[in-house]
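One structure below.
None of these values were measured; they are calculated from a predicted model.
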Amino acid sequence: MPWRLKEVIPEALKRAGGKERLRRGLVLAAWREVAGKDLARFTEAVALEEGVLVVHVPDPVVAHQLTYTRLALLRRYEERFPGAVREIRFQVGPLEAEGAEAPQPSDPGRLREAGRKALALAEKAPPELRERVARAALALFQRQRGDPCPVCQTPSETHPCPTCRRHLEDPGVRRAAERLMRGQEAGLEGDALRAARHLARENLLAQMRDLYPEALRSEEFRPLLADLARRYRSLFPQEPLPEGVRSLLKEG
């Protein structure tokens with residue numbers, strides 16, 4: 001029967017003469033389980049000193065990206081070893097554990113360019129999305145093909161990616177997008193909410209583009225354009241309005 005670390009740790013610690021040494025060894029051995037097999041392929045936990053877990057990674061860009069997953073990894077460690085890991089430090093170093101692999105790109109220049117794009121993408125993401133964006137960035141480091149999907153940011157050869165396309169075609173997601181445009185709660189979460197927000201964004205932008213020429217010719221349309229702009233700012237406060245709309249409303 002498969003065993004789980006959290007089930008054998010108490011008995012192992014009870015029998016051990018050097019509890020701290022055993023605890024440290026178990027924490028290091030648990031890295032593959034905590035990190036997941038994809039991440040563990042090119043990382044390795046190498047030391048635990050005074051609650052700080054040191055994890056080796058192949059290059060500085062990956063080290064920076066992994067800082068966005070740090071809190072999630074700490075939570076998983078806390079579930080298995082309460083109080084044992086207070087911080088995780090990612091640093092460039094050799095990967096010696098069996099199964100640990102550094103990415104071996106055939107085109108190093110392409111990897112560097114992907115790293116720069118992924119870094120910029122993750123730094124611009126809202127805090128609640130950074131872990132997801134970081135995972136997408138790591139997928140780039142593993143040489144998945146394609147640019148980030150405009151909805152979920154996962155690299156894909158088709159845009160939107162197949163998963164997001166299904167969400168975008170879902171009638172419930174479309175209704176949620178309409179609610180968002182009216183300033184109401186979407187009633188969704190996760191990927192479905194991201195798809196609804198994407199639809200709302202595209203619809204609002206399209207309506208502003210269509211209304212802009214009319215508002216440019218006649219002032220009577222400008223209050224409608226201002227209302228669309230207000231809804232857009234409410235949903236996407238970090239994104240600028242289209243330049244023409246912003247200029248026209250400022251003049252009005």
Side-chain angles (χ1 to χ4, degrees), residues 2-13 16-123 125 130-145 153-155:
W3 55 268
R4 297 183 179 181
L5 284 171
K6 63 182 180 181
E7 295 172 351
V8 302
I9 288 169
E11 184 62 24
L13 288 176
K19 290 186 179 181
E20 286 306 313
R21 189 178 350 178
L22 177 61
R23 186 178 179 85
R24 183 163 54 245
L26 288 170
V27 167
L28 297 179
W31 172 250
R32 292 180 64 83
E33 181 183 344
V34 170
K37 65 177 182 179
D38 290 336
L39 180 55
R41 285 181 62 246
F42 56 97
T43 60
E44 182 182 2
V46 296
L48 177 67
E49 299 294 339
E50 298 182 353
V52 178
L53 180 68
V54 178
V55 177
H56 278 183
V57 297
D59 62 63
V61 178
V62 173
H64 183 88
Q65 291 298 322
L66 284 176
T67 61
Y68 294 122
T69 68
R70 182 178 57 85
L71 293 180
L73 293 170
L74 284 171
R75 285 195 297 269
R76 293 170 197 163
Y77 260 119
E78 185 64 20
E79 292 174 358
R80 293 164 173 78
F81 306 90
V85 181
R86 298 191 301 273
E87 184 58 270
I88 299 177
R89 181 180 303 150
F90 300 102
Q91 64 181 37
V92 178
L95 306 175
E96 300 176 355
E98 182 180 356
E101 303 174 15
Q104 298 296 325
S106 57
D107 183 353
R110 183 171 180 269
L111 176 63
R112 286 194 295 271
E113 179 62 21
R116 283 194 291 270
K117 290 180 179 179
L119 178 59
L121 187 64
E123 288 179 339
R130 281 179 181 167
E131 183 178 350
R132 183 178 181 85
V133 174
R135 288 199 300 269
L138 290 176
L140 286 173
F141 296 136
Q142 295 179 74
R143 305 190 305 281
Q144 288 189 6
R145 296 179 180 178
Q153 305 302 322
T154 299

When rounded to the nearest 0.5 angstrom, what distance separates [atom1] in [X] from [atom2] in [Y]?
X	Y	atom1	atom2	result
E87	L73	CD	CG	11.0 Å
R75	T69	CZ	OG1	10.5 Å
W31	L48	CH2	CG	12.0 Å
L53	R89	CG	CZ	10.0 Å

Closest contact, heavy atoms only, [X] versus [Y]:
X	Y	value
T43	V57	CG2-CG1, 3.8 Å
F90	R70	CE1-CB, 4.5 Å
A84	V27	CB-CG2, 4.1 Å

For the pair E50 and R86, find out whether any cationic side-chain nitrogen is under 4.0 Å from an anionic carboxylate oxygen.
-> no
Hey, does the side chain of E78 reach the backbone of G83 with a donor-acceptor pair shorter than 3.5 angstrom?
-> yes
With the side chain counted from C-beta on, respond yes when V54 and E49 share a heavy-atom pair under 4.5 Å apart, and no when they do not.
-> no
